[in-house]
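Input: a single structure, listed below in structure tokens.
The structure displayed is predicted, hence computed values, not measured ones. One-based numbering along the sequence shown.
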Amino acid sequence: MTDPAADVVLVPPGLPILEAAAWVGHACWAELRLHAVLTHWLSVESDPEVTVLLWSERADAADRAEAWHRRLPELREHPRPTFIQASSEPVARLFNGLTTLDRPGDTEPRRGALSAVLRGLRLGYHARVEQAV
């Protein structure tokens with residue numbers, strides 16, 4: 001007699017490894033790029049309270065980038081750095097555009113942009129939670 005529980009799949013199959021690695025690489029790139037943007041903003045921010053916020057978010061982005069990098073598979077034929085790239089040209093343009101918020105008076109637009117980017121990243125990660133494991 002066979003055990004019916006033995007046929008139950010506990011973890012459903014995910015995407016093919018290269019597709020999953022590409023998505024994780026995109027997430028890693030986004031966090032690294034956000035870290036760079038925040039570094040740029042810190043060089044021009046004059047509000048001490050916002051500076052503390054930016055330092056904290058910058059550290060969090062670095063931690064997330066490191067965590068995504070650890071999730072990248074180690075494949076001899078596909079080195080990890082090849083996966084770390086923008087998911088699309090519009091995404092790259094969006095992050096590049098954030099660096100234009102570099103006037104000292106751009107504090108509120110920077111805060112709004114940071115909030116929108118963090119929300120977008122969180123929603124994207126939640127939508128692809130099966131690859132974030």
List the steps and the verdict of side chain to side chain contact (heavy atoms under 4.5 Å, CB included) for L54 and E45.
CA-CA 9 Å; L54 295 178; E45 184 55 56; 4.1 Å; yes
Less than 4.5 Å apart, side chain to side chain, heavy atoms only: is that true for E31 and D63?
no
Quick test of your reading: applying ring-ring contact (aromatic ring centres under 6.0 Å, His included), list the pairs with at least one residue in residues 30-62, sequence neighbours left out, ordered by first then second residue.
none
Please round to the nearest 0.5 Å and tell me the distance separating atom CG of L114 and atom CG of L34.
6.5 Å
Determine whether a donor-acceptor pair (N or O, by modelled atom type, separation under 3.5 Å) exists between the side chain of H26 and the backbone of I84.
no
Nearest heavy-atom contact between G124 and W23 is O-CZ2, 3.8 Å
Working to the nearest 0.5 angstrom, can you tell me the gap between E66 CD and L32 CG?
10.5 Å
Should we count CD of E89 as having more than 12 external heavy atoms under 6.0 Å?
yes
Student check: side-chain heavy atoms of V44 and R103 closer than 4.5 Å
no
Quick check: closest heavy atoms across L121 and A30, and the distance to 0.1 Å?
CD2-CB, 3.9 Å
Is there a continuous path of hydrophobic side-chain contacts, each under 4.5 Å between heavy atoms, that joins V24 to L75?
yes
If you look at every heavy atom in G25 and L72, which pair is closest and at what distance?
N-CD2, 3.7 Å
Of all pairs that satisfy ring-ring contact (aromatic ring centres under 6.0 Å, His included), the ones with a partner from residues 84-121, not counting sequence neighbours:
W29-F95
Going by the rule side chain to side chain donor-acceptor pair (under 3.5 Å), which residues pair with T39 if we only count those two or more places apart in sequence or in a different chain?
R58
CG of L98 to CZ of R110: how many Å apart, nearest 0.5 Å?
11.0 Å
Quick check: closest heavy atoms across D106 and T100, and the distance to 0.1 Å?
OD2-O, 4.1 Å
Does the plane of the ring in H78 sit parallel, tilted or perpendicular to the ring in F83? Use 30° and 60° as the thresholds.
tilted
What residues form a salt bridge (charged side-chain N to carboxylate O under 4.0 Å, His left out) with D60, not counting sequence neighbours?
none
Shortest non-hydrogen pair, P104 vs S46, comes out as O-OG, 4.1 Å
Please identify each residue that fulfils side chain to side chain donor-acceptor pair (under 3.5 Å) with E57, with sequence neighbours left out.
none
Excluding sequence neighbours, so at least two apart, what forms side chain to side chain donor-acceptor pair (under 3.5 Å) with R111?
none
How many angstroms lie between CZ in R80 and CZ in R70, if you round to the nearest 0.5 Å?
9.5 Å
What distance separates L53 CG from D47 CG, expressed to the nearest 0.5 Å?
9.5 Å
In Å, rounded to the nearest 0.5 Å, how long is the span from CG of L38 to OG1 of T99?
12.0 Å
Quick check: closest heavy atoms across C28 and A65, and the distance to 0.1 Å?
SG-O, 3.6 Å
Taking a hydrophobic cluster as the set of Ile, Leu, Val, Met, Phe, Trp and Tyr residues connected by side-chain heavy atoms closer than 4.5 Å, whether directly or through intermediates, do L118 and W68 fall within one such cluster?
yes
